[in-house]
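What follows is a set of notes on a single structure, which appears directly below.
In what follows, every chain begins at residue 1, and chains take the letters A, B, ... in the order their sequences are listed.
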Number of protein chains: 2
Amino acid sequence: MDIQNYKLHKKILVAVDCIIFGFDGSELKALLIKRGFEPERGKWSLMGGFVGEDENADKAALRVLHQLTGMKDVYVEQLHTFTDVNRDTAGRVISIAYFALINIAAHNKQLEQEHESRWFPLDKMPALIFDHKKMVEKAKAMLRQKVATHPVGFELLAKKFTLPQLQNLYEAIYETELDKRNFAKKMLSLGILKKLDEKERESSKKGAFYYVFDTVKYRKMESNALKFI
Amino acid sequence: MDIQNYKLHKKILVAVDCIIFGFDGSELKALLIKRGFEPERGKWSLMGGFVGEDENADKAALRVLHQLTGMKDVYVEQLHTFTDVNRDTAGRVISIAYFALINIAAHNKQLEQEHESRWFPLDKMPALIFDHKKMVEKAKAMLRQKVATHPVGFELLAKKFTLPQLQNLYEAIYETELDKRNFAKKMLSLGILKKLDEKERESSKKGAFYYVFDTVKYRKMESNALKFI
DNA sequence: TCAAAAGTGTTATCTATACACCCATGT
DNA sequence: ACATGGGTGTATAGATAACACTTTTGA
């Protein structure tokens, strides 16, 4: 290191911002808030917060997510740290961006009103403050990459889901159409889905069998180098 | 955000740490320094530095790399930000880790003495301060992933390299042996290598043709979704 | 009985892997 | 002439992609 005394260096405000993904059955969405304070009050923004003295960034992200959604045990993952000198118009703030995957149905809708938050389809996002658009773009890229090799797509669905639902999710993430025969074949061949005896009967007359993600089987797999797509 | 006034939040020291990879022709190595100041003076450490008021983290990482190696235009990429409350024994410091790929032959060896730095094979690393071991592990994983899909391995070699050299590199990164026929076939099929008329004659009597990475062709490729391995 | 979505198998193509011999050259 | 490492092709297996009809059931 150049200068050796910690005290000679300026400290910086450290924030976290969360890209919260949800899936409504046909579209992939992100949860945004109307910023309630200056600067940029009233503009659309990612949910964020400052990292406190007694918490690491992961905790800060989970805290912030809980505030907005009422949910704990959310799947979050650190994405990238944004550090440009003038990224925040109110002063030097670096932001550690996280992406979160939640079951859109499970979050507390009352809190949506408090925070003036709203779900936006990814292709219909409003203008965002600061560098938040960059964050969303990066999160989208990471989601695609992650979901191709790790069983995290399930986080966006209810515990029980049907194969057509899962396929819709992948189609939304990759903005592409998939052949359902090939899709079912591949997903089932991974050996991490457990078929239930129960059917979902909302979206079709015939009904589609529910599946659950088999965590136990997944953990037992040596390699964990799956290919979902 | 919870509390809206920026001033109510504690600022934090922000550092960068660099995992510097090099390849000596047969082994993959990382460049470490003997830390020259307290705390943990004299112990092995990644090269790092604090992020200044007037620079973003990328710049800080490049600055730090230049100090240690004398090189500019180094390939660096942000890896992960480490934020545990007590990760630095001297106080709250978060560190944005970067990984760098350099041509081991091109760096300034004089600076090695000034900083008491040394190249360590990845499987013979000494104990490291703080959470630097975690950083190295993460960097290793990222290198493997990156190099499988992006043309960054070349950063570890000289501008001109032979196919056997490139294969040795991949074998070192993945700790595996590859079939040279299949390797050559795949690499050449990507269409991003340009064969030169010149041969390298150090390591064999017959000599091996030099290749260069064809940046122009690579940029022209639409998808850029390559599979190197 | 019909409309709507679920479920299911086979073939063709592409990609990945396994494998062995000749070539060029310096000693 | 021989030892050393470089260079090359083919055959097989496995993975992916293309493709269409039957089933169930509520309206």
Between [N] ([atom2]) and [X] ([atom1]): distance, integer Å:
X         : N       : atom1 : atom2 : answer
Leu163(B) : dG7(D)  : CG    : P     : 6 Å
Phe209(A) : dT8(C)  : CZ    : C1'   : 13 Å
Glu200(A) : dG26(D) : CD    : P     : 13 Å
Glu177(B) : dA16(C) : CD    : C1'   : 18 Å
Gln165(A) : dG7(C)  : CD    : P     : 11 Å
Tyr210(A) : dG7(C)  : OH    : P     : 12 Å
Leu178(A) : dG7(C)  : CG    : C1'   : 17 Å
Phe183(B) : dT8(D)  : CZ    : C1'   : 15 Å

Query raised in the report: With under 30° as parallel and over 60° as perpendicular, where do the rings of Phe213(B) and Tyr218(B) fit, or are they tilted in between?
Result: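 Ring orientation, 0 to 90° scale: tilted.
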Report task. Using the six-membered ring of Phe120(B), assess whether NZ or CZ of Lys29(B) lies under 6.0 Å from its centre and within 45 degrees of the ring axis. Result -> no
Report task. Summarise how protein sits on nucleotides 17-27 of chain C as a single string, 5' to 3': B when a protein heavy atom is under 4.0 Å from the base, S for sugar-phosphate-only contact, - for no contact. Result -> BBBB--BBBB-
Requested in this report: Look at atom NZ of Lys34(A) and say whether more than 12 heavy atoms of other residues, nucleotides or ligands are closer to it than 6.0 Å.
Outcome: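 Open: at most 12 neighbouring heavy atoms sit under 6.0 Å from NZ of Lys34(A).
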Query raised in the report: For Lys186(B), does the NZ atom sit with more than 12 other heavy atoms under 6.0 Å from it, leaving out its own atoms?
Result: yes
Report task. Would you indicate what Ser203(B) reaches in the nucleic acid, counting non-hydrogen atoms under 4.0 angstrom: base, sugar-phosphate, or nothing? Result ->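 The residue Ser203(B) makes sugar-phosphate contact but no base contact.
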**Report entry** Residue pairs involving residues 114-124 of chain B (criterion salt bridge (Lys or Arg N to Asp or Glu O under 4.0 Å); sequence neighbours excluded)
**Finding:** Glu27(B)-Lys124(B)
Would you list the atom pairs, donor with acceptor, under 3.5 Å between side chains in residues 157-172 of chain A and any protein atom, with sequence neighbours excluded?
unit_1    : atom_1 : unit_2    : atom_2 : d
Lys160(A) : NZ     : Glu198(A) : OE1    : 3.1
Lys160(A) : NZ     : Glu198(A) : OE2    : 2.9
Thr162(A) : OG1    : Gln165(A) : N      : 3.1
Gln165(A) : OE1    : Thr162(A) : N      : 3.0
Gln167(A) : NE2    : Glu171(A) : OE2    : 3.1
Gln167(A) : NE2    : Leu178(A) : O      : 2.8
Asn168(A) : ND2    : Pro164(A) : O      : 3.4
Tyr170(A) : OH     : Val147(A) : O      : 3.3
Glu171(A) : OE2    : Leu178(A) : N      : 2.8

